[in-house]
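Order of the sequence lines fixes the chain letters, A, B, ..., with proteins taken first and strands second; residue numbering starts at 1 for each chain. All of these numbers come straight from a predicted model, not from anything done at the bench.
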Amino acid sequence: MRRPSAGAVVAYLALTVYAAVSLYPFAWMVSGAFKDRLEILEGGHLVPHRPTLATLADTWSRLHFFDYFLNSLKVTGLTVLGVLVIYSLAGYAFAMIDFPGRRFVFWFFVALLFVPSITVLLPLTILENKLDILGTHTGLILPFVNGTAPLAVLMLTNAFRAVPVDLHDAATADGAGELRIFCRVYLPLARPTLITIGVLTAVPTWNEYVLTRVSLNDESRYTLPLALEKLASGTVPSYNEIMAGSLILVVPVILLFLALQRYFVNGLSGAVKN
Amino acid sequence: MTATDTATIAARLVTEPRRTTRRGRNALVGYAFIAPAVLLFLAMGLYTLVYSFGLSFAKWNGFSPTWEWVGLDNYKDLLFADPRLAPEVRNAAVNTGIAMVAVSLGTVLIALPLATLLNSITRLRGLLRSVFFLPYVTAGIAVYYAWRYVLEPQGAVNLALRSVGLGSLSRPQGFLADPDTALPALVVIMIWGSVPVAMLLYLAGLQAIDPAVIEAASLDGAGPVRRLRHITWPLLVPITVAILLLGLRDTMQGFQIFLIMTNGGPGGHTDVLGLEAYQQAFLQSLSPTLGVASALGWLIFIAALLLAVVNARLLRSRQ
């Protein structure tokens, strides 16, 4: 085996230091979640002296984090489903079908990328109030889906455009209609892009806090970020429970990322390579 | 004219009559495919945009039956006319500007060397890339609470500083309650969250460089510095521009971290424009500040648009 050069040693050292920086808050999150009410006040030490599962178990059941978890799962799942169905249809039309106004509508969707969410947050709550969906999960899902429109339209139109047009012609020659071609030929080929958009939608939806905070009142409908905030703003907020709740919120995101990062990372870096 | 050209034209002639009927049908199919997206946008997007624009010219508290139209007064109040509001907005604008510049530059200064190092190693590259990427996927309320926990007076950062003899740098009241360190602490956390994507984009850029080009340059006698200046760096400039603009845009529009970690405190030292608009819209109970909030939202929108124009210009001049 070759001895590593001095440059390589420095490189690994620097990279390890930044890896520690990346993991720093997670280390304390895990540490805090395994401390009890007394030990969390002592602070300072990373490895708990009396590690306990009681804090996590307590947060999960007594503080109803299981219910909030299910709410988050429902809102995130339906949002991702909506985004994938609605914008893959639209992306296919923009890429493959010739119709008047196609370019205009496409660029209109892309231009929405520049509207800051704070600009429309207030009228959105007023509108939802009128539609009687303010404070419901539907009232979260619809704007979340709509908010992903620019990114999803842009990425999916590109993905469908990258498919060789011969496939379309061949399928048409076989007598398949557009919907059939879309479902059977183009959708399977766009799978990496669909997964990328799925992750890029799921993660911010799972973490979403601002619209959820101004719209949800009924505690039984809370998603995890709101449940966490309620916990933190209690009369005696205890950081061990907050860290346990944070861990419950973060772990599914990390698992999703680790499971799908192959597609996801390639989808992001593909933008540079082309 | 080649044989294939003729064949194509012939084919086109043959299919011409069918095309006209197909075009009408195509349009219908096309509209059917985009209908869900367009309908959702008409319901959730267009109404809110138009409403918000109208409201920015009115005074309203959210409850009275009618708006009081005031023309451009809300914009004037925000920019200079209101003696209480205008300084607050100016302060928030300064903080936003500082954060925008610091986060964008900090991200590039950390991500570029990090990506170069990551590209130079052979082992553990995949594992390290995953670790570096975690902050991006997890950035949100949970991680902000974890940061708050370590930045507390009795938190890990203070204790670490004291234990290595840098006690003078520790903050007895915690980093977020100290006016001198609150904004820098938030900037560090925002950089921590935005390095992953920048690092990934740089890494992809570095890996797209053909090793044969570097090798040829080395054979021609170009040292590491010249190779960096004339080969690597020109290829990384467009990525750097994109990262800077992305950082500027995200920091300008985002305020969630400010809302969760400091809510603008201590004493307005971490107040930013997005947070100011949020407070005017949702935390003034019966005061007629909804129009002001809308106007501030549109000022942020205009700034975002200007940034986009600069973006397009920069990208075009590169080509």
Counting only heavy atoms closer than 4.5 Å, note whether [X] contacts chain A via side chain, backbone, both or neither.
{"X": "B/I189", "result": "neither"}
{"X": "B/A242", "result": "neither"}
{"X": "B/T138", "result": "both"}
{"X": "B/L118", "result": "both"}

At a heavy-atom separation under 4.5 Å, does [X] approach chain B through its side chain, its backbone, both, or neither?
{"X": "A/L200", "value": "side chain"}
{"X": "A/V199", "value": "neither"}
{"X": "A/L256", "value": "neither"}
{"X": "A/L13", "value": "neither"}
{"X": "A/L46", "value": "neither"}
{"X": "A/V210", "value": "both"}
{"X": "A/R102", "value": "neither"}
{"X": "A/L89", "value": "both"}
{"X": "A/Y18", "value": "both"}

Considering all heavy atoms of both residues, which atom of [X] and which atom of [Y] are nearest to each other, and what is their separation?
{"X": "B/A43", "Y": "A/L127", "answer": "O-CD2, 3.2 Å"}
{"X": "A/P25", "Y": "B/W192", "answer": "CG-CZ2, 3.3 Å"}
{"X": "A/A19", "Y": "B/F132", "answer": "N-CE2, 3.3 Å"}

Using side-chain heavy atoms (C-beta onward) and a distance below 4.5 Å, is A/T125 in contact with B/F282?
yes
Report yes or no: do B/S130 and A/Q261 form a side-chain donor-acceptor pair below 3.5 Å?
yes
